[in-house]
Amino acid sequence: MKLPTPLHLWSLSPTRAVSMQKRLAARVHTSALSKDVRLVAGADCAFVESDRIIACWVVWDISDGTLVEKQHVVRAVRFPYVPGLLSFREAPALIAAARKLRTEPHVFMVDGHGLAHPRRFGLACHLGLFLGRPTMGCAKSRLCGVNCDPADRRGAIASLTDREGEIGRVVRTQRGVRPVYVSIGHLITLDDAVRLTLESCTKFRLPEPTRLAHAEVSRLRRSLSLEIA
DNA sequence: GCGACAG
DNA sequence: ATCTTGTCGC
């Protein structure tokens, strides 16, 4: 996959990283997604010995539920986990893995937030700018904002808001499970992000693209752990 | 000062 | 995220 010229280097201090987020947040855009979304890419990361990161992208066909392609990279971890700065830890590896994709996904989904971030610039937004393509976030827990608890039925939705208004939506993807937190990343609308989330959660709480990517990095981590031992 | 805090 | 078996609840 051909990617745009990188917007900046990744060797930044946490303080500089925060400044960078504030600056880049202005470049994020909401826009209608093309009508025929079929290929949905899902990402996830795993860590080995806390010093190496495994980043993977899986391309899932929403029309027939098949796995089209999967690519991954293993790199050295260069940034600590700091709430609000997740992209500086995971994005570099995810971008490298995305370059290896041979198919062109219609939208990229990540395990984390996009706009539903303290500075409105979560991992999904950061990746959206670097990939120059539609992205959205579907997180397992909340980072910021307030919300009501959606009804306990598949498809129930509650608005996630912060001072300026709606920054995402809390979606119950299956009855009897905890809801997921959906927000836009870049070049997509919140309505489409929620729709894609529900269409991708065919049988589990989490979307298939992201769920499959998680299974893949877990498998890769096991084999790498064995090489060490 | 006291919580909250994506993965 | 990661360390980890059985076990409480629907």
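All figures in this text were calculated on a predicted structure; none of them were measured in a lab. What's counted below: heavy atoms across the whole structure, side chains too, no hydrogens, waters or symmetry copies. Order of the sequence lines fixes the chain letters, A, B, ..., with proteins taken first and strands second; residue numbering starts at 1 for each chain.
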List the atom pairs, with distances to 0.1 Å, where a side-chain N or O of residues 80-97 of chain A and a protein N or O form a donor-acceptor pair under 3.5 Å, not counting sequence neighbours.
residue	atom	partner	partner atom	Å
A:S87	OG	A:H126	ND1	2.8
A:R89	NH1	A:F79	O	2.8

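- Nucleotide B:dG7 holds its P atom 18 Å from the CZ atom of A:F88, rounded to whole Å.
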Completion exercise
For DNA chain C, the dot-bracket notation using Watson-Crick and G-U wobble pairs below 3.5 Å, [ ] for pseudoknot-type crossings and | for other-strand pairs, is ..........
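- The distance from atom CZ of A:R178 to atom P of B:dA6 is 12 Å, rounded to the nearest whole Å.
- Heavy atoms from other residues, nucleotides or ligands lying under 6.0 Å from CZ of A:R178 number 12 at most.
- At B:dA6, none of the side-chain N or O atoms of A:K140 fall inside 4.0 Å of OP1 or OP2 (strictly under the cut-off).
- First and last contacts of DNA chain C with chain A, using any nucleotide atom under 4.0 Å from a protein heavy atom and ordered 5' to 3', fall at C:dA1 to C:dC3.
- At the heavy-atom level, A:L94 lies nowhere under 4.0 Å from the strands shown.
- One finds no salt bridge joining A:D64 and A:R38 here, because no Lys/Arg side-chain nitrogen approaches an Asp/Glu carboxylate oxygen to under 4.0 Å.
- At a threshold of 4.0 angstrom between heavy atoms, the contacts of A:A116 with the nucleic acid are absent.
- Not less than 6.0 angstrom separates the ring centroid of A:F121 from the ring centroid of A:H186.
- Taking 4.5 Å as the limit, every side-chain heavy atom of A:V59 sits out of range of all side-chain heavy atoms of A:F108.
- The aromatic ring of A:Y81 stacks onto the base of B:dG7, its centre lying under 5.5 Å from the centre of the six-membered base ring with the two planes under 30° apart.
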